[in-house]
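Values below: all heavy atoms of this structure, side chains included; hydrogens, waters and symmetry mates excluded. Throughout, a chain's letter reflects where its sequence line sits, starting with A, and its residues are numbered from 1.
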Protein chains: 2
Amino acid sequence: MNISLAAERSGLPVKTIRYYEDIGLVRPGRSENGYREFAEPDLQRLKFLQRARSLGFSIEECRELLSLYEDRHRASADVKALTRTKISEVDRKIAELQSLKKVLSTLVDACHGDNRPDCPIIDDLAGTSGGEAAITQSTEK
Amino acid sequence: MNISLAAERSGLPVKTIRYYEDIGLVRPGRSENGYREFAEPDLQRLKFLQRARSLGFSIEECRELLSLYEDRHRASADVKALTRTKISEVDRKIAELQSLKKVLSTLVDACHGDNRPDCPIIDDLAGTSGGEAAITQSTEK
DNA sequence: GATAGAGTTTCCAGTTACTGGAAGGTCAAG
DNA sequence: CTTGACCTTCCAGTAACTGGAAACTCTATC
């Protein structure tokens, strides 16, 4: 099949598939006319990549997973360990975002949000308690 | 003050400060010898940027916030709106990560994680139910 | 057979927000 | 006077694509 069909079936953009070939994640054949020719195993690889990427594995991790996949003798423990690492990364990111949200929510709640020029959000960012013009950039040369 | 002191006081790396100057977020003066000379307002801007970036605002959003800051007549409503948008983005990211975590956890739970070669995680990524070798890349030219 | 449009190719540049490193100028201490 | 820390600019690289240009191929229609 041609690249656009492979794109449709794998859920990956055409450009991304070409990029994946560039970096050696997939190696489709070529037709006489120079067009890429995707066979079923190629499509499976693309689907694998699509799914793994959407699960937050990096390109390098995908490469690793693919090689684990291809190693008929690899232990499932290796894959499990990689996945566990990924889960703790996800946990860490969630925690970060939650604390971020807390700060932003506090700021929004404190901001009256009307036409008055003073704003607790800006004041917080500026590290001031009032609204003094501490950081205005001079326009002199 | 010199750049390294500004870096220390703002919590930003030296390289990052130079980069911020490049893209016009800060405009420190210059000493006779060509060294950047950071005055107090410059430092305040850097601190502002450090805080806003750590709160997840993009560079362009920081630029917007700075201009809102500098506009003595801006309404706090504008700042509040920007912050609200940011909060919903954070919410969306959190939800994404949580669903991601769920999938990964399910996979890890299903994986026996021993020396056996079959692995539910790989099988899921491959989109197969068994362990058939569907995506192995041919090594033929 | 000419032509239009869609699909394909390669290659180069841009994105985000820095980060690293090279080559060279400046400054303070000993 | 030399050493080492600090500063400068500029160029390249990161992650994972994405967009666009120029040129070729295929298919359908007139």
Go through the structure and list residues passing salt bridge (charged side-chain N to carboxylate O under 4.0 Å, His left out) with [X], not counting sequence neighbours.
X	value
A:R63	A:E60
A:R36	A:E21
A:E37	none

Please produce a list of atom pairs where a protein N or O lies less than 3.5 Å from an N or O of nucleotides 25-28 of chain D.
from	atom 1	to	atom 2	distance (Å)
D:dC26	OP1	A:N33	ND2	3.1

Report the distance from atom [atom1] of [X] to atom [atom2] of [Y], rounding to the nearest 0.5 Å.
X	Y	atom1	atom2	answer
B:I59	B:I23	CD1	CD1	4.5 Å
B:M1	B:S10	CE	OG	9.0 Å
B:F38	B:I3	CZ	CD1	4.5 Å

Base, sugar-phosphate alone, or nothing: which one does A:I23 contact when heavy atoms must sit under 4.0 Å apart?
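A:I23: no heavy atom of the nucleic acid under 4.0 Å.
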Mind listing the N/O atom pairs, protein and nucleotides 10-12 of chain C, below 3.5 Å?
from	atom 1	to	atom 2	distance (Å)
C:dT10	OP1	A:R30	NH1	3.3
C:dT10	OP1	A:R30	NH2	3.2
C:dT10	OP2	A:R36	NH1	3.2
C:dT10	OP2	A:R36	NH2	2.6

A:L25 CG to D:dA16 P: how many Å, rounded?
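Those two atoms, CG and P, are 10 Å apart.
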Nearest-Å distance, CD (B:E37) to C1' (D:dC7)?
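After rounding, the reported distance stands at 13 Å.
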Tabulate protein N/O versus nucleotide N/O from nucleotides 14-17 of chain C, keeping only pairs under 3.5 Å, one per line.
from	atom 1	to	atom 2	distance (Å)
C:dA17	O3'	B:R53	NH2	3.4

